[in-house]
Amino acid sequence: MTEPETMQQILQPTSDPAWVLSVDGYDPLRESSIESRFAISNGFLGIRGARAASRGARWVVPARTYVAGLFDVSGTEHQTPGLVPAADWLRVRFLVAGEPLLLHPGDVSSHRMTLDLRRGALLSQGSRLKAPALGLHARTLRLVSLSDRAVGLQLIQLEVESGTLDVTIEASFEGVELGLINDRLDQDLGVWHTTQTGKHLAMASEPSLQIDGRVHPPTALGQLTWSWSWTCRPGQIVRFQRFVAVVRSDIPNTDPGPKARDKLRSALHLGWSGVFAAHESAWAKRWHDSGVEVDGDAEAQRALRFAIYHLNSAADPGDESVSIGACALTGDDYHGHVFWDTEIFLLPFYILTWPAAARALLMYRFHTLPEARAKAARMGWRGAFYAWESAATGAEMTPEEALGPDRQVIHILCGTQEQHISADIAYAVWQYWHATGDDGFLLGAGAEILLETARFWASRATPEADGRCHIRGVIGPDEYHEHIDDNAYTNVMARWNIRRALDIAAALRERWPACWTTLAGRLRLDEAELKQWRSVADTLIDGLQPTTGLFEQFGGYFGLEDIDLAKYAGRTVPMDVVLGRERTQQSQVVKQADVVALLGLLPEEFKGDAPAVNFRYYEPRCSHGSSLSPAMHGLVAARLGDTEMALRFFHRTADIDLADTRVATDGGIHIAALGGIWMLTVLGIAGLSLRDDGIDIDPHLPADWHSLAFRVQWRGRCLKISIDQDRQIAEPTLEAGEPMMFSVRSSRHELRQGAGLQVSTAHP
């Protein structure tokens with residue numbers, strides 16, 4: 001196949017509608033949400049899905065580019081550091097007979113933009129650019145390479161349909177003077193630095209133009225600016241290509257320019273077809289390892305592919321200095337900060353499908369451990385108290401004040417009171433080690449995180465006259481209720497954190513005594529302190545009511561006003577706006593999964609019929625004021641066998657980013673909700689859980705799901721699990737690794753490579 005034929009092929013999205021997301025025409029009300037939804041990313045570079053449309057000298061919708069870890073403070077020194085956009089490297093401007101080609105997306109009724117989920121590319125087709133006596137048919141493609149994350153590629157193909165006129169194409173960068181301080185601009189390279197955070201950024205680029213297969217040299221060059229002029233004629237095929245190479249440096253006084261040029265040279269050596277082929281191969285690997293196949297529910301399949309596309313787009317296993325913000329690299333809502341979302345809603349996907357990415361995300365928490373220690377010390381406690389909102393260094397980034405819906409100033413207490421973040425990180429550390437058996441991570445980073453977070457909880461809990469330890473003055477996941485005492489989620493997670501740290505201390509002493517001696521010595525951790533930890537764990541109040549099996553969400557919760565949320569069905573604003581903050585805080589209305597989240601993460605803490613009892617109590621009282629909430633409720637509902645409710649929560653979660661009627665994604669997609677879709681499916685509907693010697697499933701497939709299939713990794717093994725509801729069997733296949741145990745509701749079977757296994761999934 002010739003190069004023109006290859007370009008023609010890749011400019012055409014896959015013909016399988018299950019693998020594409022498309023939008024036709026132009027809707028100004030939804031354009032910002034579309035940009036988020038159609039964003040492309042590789043965990044280092046992210047580009048919003050803006051249309052490549054110019055209006056004379058002004059770029060109508062610039063394609064905002066984000067670089068992971070590029071945080072800075074804009075404006076006054078008291079502002080919160082946030083993710084700052086890099087220069088837009090995709091700008092292309094057309095001039096016809098010396099006049100700018102005026103184009104507004106609304107004038108292009110035939111325009112279609114397509115996100116190719118399988119290949120991780122954004123394409124547009126059918127755009128007809130019309131000027132007096134000239135007609136051009138345009139197709140475009142852009143991607144950021146999943147094979148070499150520094151590299152981006154832009155392709156534009158123009159077919160001249162009519163007219164013989166002088167045409168000029170200008171390629172440039174926009175925003176070179178915005179957000180970052182310009183160190184230098186060369187013809188092919190720009191270098192910038194942040195004003196306060198000590199980051200440096202280099203962007204090297206080289207575009208080229210071919211007319212009917214022949215390279216057309218630029219007629220003018222400038223600083224990151226190129227221009228080509230020629231006389232177009234009907235039938236001409238004009239192909240424009242541009243590479244960009246982006247390098248971030250966190251080392252002061254270090255010039256990343258030479259490395260950016262090296263990356264650019266490597267991309268040019270491969271050529272656009274080579275770069276695309278490597279990118280496509282990397283995406284094929286990710287889909288092989290992480291794809292989920294649903295037969296019988298096309299909408300669920302579409303939602304899962306959309307979610308998994310963005311999850312695979314968000315991580316960079318090669319960079320331990322960054323994590324994934326609340327909107328990943330698809331927008332700047334929440335300033336690009338990292339929350340508990342990453343550990344609780346994203347890590348399960350990465351742990352079980354991409355362990356290298358999970359490890360890098362947890363290493364970010366290890367590298368930010370000094371700031372967590374400093375925060376605990378400032379507040380009078382020991383150990384590590386992690387930031388509720390974290391950026392580059394791990395320092396607390398939560399703003400102290402904000403404007404509420406009524407334009408009144410609200411004091412934000414999450415940075416000091418939402419303390420469960422430390423246990424959430426410890427939970428993810430343990431889950432990663434349990435699933436991967438990565439002892440190197442445990443010894444080099446994980447054990448220290450577990451021990452220092454346990455130390456925090458042991459100093460945070462206070463023994464009182466009733467003989468119990470209490471944790472007072474916190475905010476649980478609910479967030480509608482502040483200054484509360486003994487939040488069940490916080491206390492039970494803290495107790496779990498302490499006990500796992502004690503387990504790790506015992507394991508280190510037994511299996512790696514030299515490592516234990518070194519680590520305990522450096523942390524000044526002795527047996528007397530470990531004994532105190534055990535006492536705290538054994539006496540920490542957890543809110544469990546023995547007679548009912550209910551966990552009281554926090555001390556005094558059951559005495560608050562009980563409001564029937566069914567009376568407010570159809571509302572379009574959060575319940576704290578409907579009721580007002582004061583009444584909400586005096587009610588049992590819950591913002592998001594709290595006790596239900598505890599049930600989802602630590603089901604072993606709920607005995608007998610306590611899971612159903614607690615879910616039945618708290619589910620009707622939850623207003624789902626957070627995008628995190630529906631998926632966690634769906635996961636628990638699926639485990640309890642209520643597949644209809646689980647499916648409702650599945651589609652409710654998917655609608656957050658996919659529903660055409662919503663414009664909730666202006667500032668970026670909700671990456672944690674997308675992680676929740678995968679969790680709901682694999683951990684809930686398939687009922688997957690980890691054992692010490694293998695994997696167990698307890699499937700509860702919705703009625704229309706004829707089958708469900710997915711792959712996971714466990715301790716160096718790769719296995720595919722297929723669940724056939726029609727035949728009521730599970731077929732696990734061990735594709736790589738040593739023999740392991742596979743269980744269906746604790747019915748254990750040995751699984752070996754090359755040996756077929758069918759296990760009944762029929763419920764007794």
Side-chain angles (χ1 to χ4, degrees), residues 7 40-42 44-48 50 52 54 59 62-68 70 84-94 121-122 140-157 168-193 200-210 215-228 238-249 255-276 278-279 329:
M7 179 177 283
I40 56 174
S41 177
N42 59 20
F44 173 67
L45 288 175
I47 304 172
R48 283 173 63 80
S54 68
W59 197 248
R64 182 160 286 200
T65 298
Y66 295 103
V67 178
L70 192 66
V84 293
D88 172 18
W89 57 277
L90 292 163
R91 187 174 192 230
V92 177
R93 183 168 173 248
F94 300 90
L122 183 65
T140 72
L141 175 144
R142 71 178 71 148
L143 62 84
V144 286
S145 174
L146 199 67
S147 176
D148 185 342
R149 287 177 170 79
V151 174
L153 172 65
Q154 178 187 30
L155 298 175
I156 300 175
Q157 177 173 285
T168 296
I169 291 181
E170 295 178 351
S172 62
F173 280 48
E174 187 184 46
V176 294
E177 304 287 350
L178 299 175
L180 301 170
I181 305 300
N182 188 340
D183 291 336
R184 76 174 190 271
L185 285 179
D186 297 336
Q187 193 276 311
D188 65 336
L189 177 72
V191 180
W192 299 265
H193 70 269
H200 286 78
L201 184 74
M203 303 178 76
S205 184
E206 182 167 322
S208 64
L209 190 77
Q210 289 186 3
V215 175
H216 190 75
T219 51
L221 297 171
Q223 294 176 324
L224 291 176
T225 303
W226 302 259
S227 180
W228 299 262
V238 180
R239 293 188 174 95
F240 170 86
Q241 70 176 52
R242 169 160 43 184
F243 288 106
V244 68
V246 183
V247 175
R248 186 197 78 233
S249 173
D255 181 6
K259 186 174 180 181
R261 280 186 167 136
D262 287 344
K263 288 286 187 180
L264 180 63
R265 279 192 291 269
S266 297
L268 291 169
H269 177 72
L270 285 174
W272 67 262
S273 58
V275 167
F276 185 86
H279 168 77
L329 295 175

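Values below: all heavy atoms of this structure, side chains included; hydrogens, waters and symmetry mates excluded.
Once rounded to the nearest 0.5 Å, the distance linking CD1 of I169 with CZ of F94 reads 5.0 Å. Separation of atoms OG1 (T225) and CG (D188) is listed at 12.0 Å; rounding is to 0.5 Å. With rounding to the nearest 0.5 Å, the separation of CZ in R261 from CG in D186 is 5.0 Å. Separating the CD atom in E174 from the CZ atom in R64 is a distance of 10.0 Å, to the nearest 0.5 Å. With rounding to the nearest 0.5 angstrom, the CG atom of L178 is 11.0 Å from the CG atom of D88. The distance from atom CG of L185 to atom CE of M203, rounded to the nearest 0.5 Å, is 11.0 Å.
Scanning all heavy atoms of the two residues, the minimum distance from V144 to H279 falls at O-CE1, 3.4 Å. N42 and L45 make their closest contact through OD1-N, 2.7 Å (heavy atoms, listed as atom of the first residue, atom of the second, distance). Taking every heavy atom of both residues into account, I156 and T140 meet most closely at CG1-CG2, 4.0 Å. The shortest heavy-atom contact between A260 and L189 is CB-CD1, 4.3 Å. The shortest heavy-atom contact between R142 and I47 is NH1-CG2, 4.2 Å. Residue L268 comes nearest to E206 through the heavy atom pair CD1-OE1, 3.6 Å, listed as atom of the first residue, atom of the second, then distance.
By the 4.5 Å heavy-atom criterion applied to side chains, V275 and Q241 are not counted as neighbours. Side-chain contact check for Q223 versus V176: every heavy-atom pair is 4.5 Å or farther apart. The shortest side-chain heavy-atom distance between R184 and D255 falls under the 4.5 Å cut-off. Inter-residue side-chain proximity for F44 and L146 is flagged as unmet; no heavy-atom pair is nearer than 4.5 Å. Under the 4.5 Å side-chain criterion, counting only non-hydrogen atoms from C-beta, E177 is in contact with N182. By the 4.5 Å heavy-atom criterion applied to side chains, V244 and R242 are not counted as neighbours. Proximity of P256 to V191: side-chain heavy atoms (C-beta onward) are separated by under 4.5 Å at one or more points. Two residues are said to be in side-chain contact when any heavy atoms from C-beta on lie closer than 4.5 Å; P207 and W228 meet this criterion.
The backbone N or O of T219 sits nowhere less than 3.5 Å from a side-chain atom of S227 that would complete a donor-acceptor pair. Proximity of a side-chain donor or acceptor of S205 to a complementary backbone N or O of F243 within less than 3.5 Å is detected. In terms of modelled atom types and a separation under 3.5 Å, the side chain of E170 and the main chain of R93 share no donor-acceptor contact.
Ring geometry for W226 versus F173: interplanar angle of 30 to 60°, hence tilted.
Checked options T65, V246, L180; the residue passing with L70 is L180 (criterion: side chain to side chain contact (heavy atoms under 4.5 Å, CB included)). Applying the side chain to side chain contact (heavy atoms under 4.5 Å, CB included) test between F276 and each of L270, L155, L143 identifies L143 as the sole match.
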